[in-house]
Participant: 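Below is a structure I'd like to ask you about.
Keep in mind that what you see is a predicted model, and the values were worked out from it rather than measured. Reckoned from all heavy atoms, side chains included, excluding hydrogens, waters and symmetry mates. Lettering follows sequence order; numbering is per chain, from 1.
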Amino acid sequence: METFSERVAAWVRAVPSGRVVTYGQLATLAGSPGAARQVSGVLRRETLRDAWFPWHRVVNAQGGISTYKVGEGELQAALLAREGVMVVDGALRLEVYLWRPAEDGPPPKPNR
DNA sequence: AGTTTGACTTGTT
DNA sequence: TAACAAGCCAAAC
């Protein structure tokens with residue numbers, strides 16, 4: 001059985017450059033609505049395992065940067081800017097950048 | 001095996 | 001609009 005963490009990681013890797021997803025959205029996609037907090041743990045672990053893991057494409061439900069360290073927030077904003085995502089005052093417009101899996105490409109795990 | 005912990009979310013003040 | 005509180009659930013201890 002595939003773990004929650006693995007499913008979350010797969011979905012994050014599926015997010016196209018220039019788009020973002022929220023913690024809660026990932027939890028739901030991975031099959032556990034409400035496990036948004038746990039998603040952060042997955043990002044931390046995956047980032048250690050894979051330096052190129054696109055953790056920066058994950059933001060909170062308000063479109064804000066939620067990194068646990070102040071300095072990391074700056075990094076995330078910079079990485080997003082490099083992909084064309086404009087971050088203003090630590091936040092971005094979800095109505096512009098939020099990725100909706102169905103409209104763009106097949107999910108890594110065609111749910112169900 | 002029970003407890004603690006969060007890079008979250010949502011509702012209430 | 002901003003601050004606070006409670007709920008949430010998989011992982012790590």
Participant: How many Å lie between CD on A:Q62 and P on B:dG11, as a whole number?
Facilitator: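 One finds 11 Å between P of B:dG11 and CD of A:Q62, rounded.
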Participant: For A:E83 and A:R57: C-alpha separation, side-chain torsions, deciding distance, then whether salt bridge (Lys or Arg N to Asp or Glu O under 4.0 Å) applies.
Facilitator: CA-CA 10 Å; A:E83 302 182 342; A:R57 293 175 187 156; 2.6 Å; yes
Participant: Once you round it to whole Å, what is the distance between P of B:dA7 and CG of A:N60?
Facilitator: 13 Å
Participant: Reckon A:G24 touches a base, only the sugar-phosphate, or nothing at all at heavy-atom distances under 4.0 Å?
Facilitator: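 Result for A:G24 = sugar-phosphate.
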Participant: In terms of heavy-atom contacts, does CZ of A:R13 have more than 12 from other residues, nucleotides or ligands at under 6.0 Å?
Facilitator: yes
Participant: Within this structure, what is the CG-to-P distance between A:D89 and C:dT1, rounded to whole angstrom?
Facilitator: 15 Å
Participant: Give the rounded distance in Å between these two atoms: OH of A:Y23 and P of B:dA7.
Facilitator: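 After rounding, the reported distance stands at 9 Å.
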Participant: With a 4.0 Å cutoff (strictly under), does any side-chain N or O of A:S40 reach OP1 or OP2 of B:dG6?
Facilitator: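 A:S40 to B:dG6 OP1/OP2: no side-chain N or O under 4.0 Å.
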Participant: Within the structure provided, determine whether A:T22 and A:L26 are in side-chain contact (heavy-atom separation under 4.5 Å).
Facilitator: no
Participant: If you take all heavy atoms of A:F53 and A:L43, which pair is closest and at what distance?
Facilitator: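 Here A:F53 and A:L43 meet closest at CE2-CD2, 3.6 Å.
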Participant: Quick one, give me the B/S/- string for nucleotides 6-13 of chain C, reading 5' to 3', where B means a protein heavy atom under 4.0 Å from the base and S means that only happens at the primed atoms, P, OP1 or OP2.
Facilitator: -BBSBSS-
Participant: Between A:T47, A:V12, A:V15, which is the residue that forms a side-chain contact (heavy atoms from CB on, under 4.5 Å) with A:P54?
Facilitator: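 The residue from A:T47, A:V12, A:V15 that satisfies side-chain contact (heavy atoms from CB on, under 4.5 Å) with A:P54 turns out to be A:V12.
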Participant: Please give, in whole Å, the distance from B:dC8 P to A:I65 CD1?
Facilitator: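 From A:I65 CD1 to B:dC8 P: 11 Å.
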Participant: In Å, rounded to the nearest 0.5 Å, how long is the span from CG of A:L80 to CG of A:L75?
Facilitator: 9.5 Å
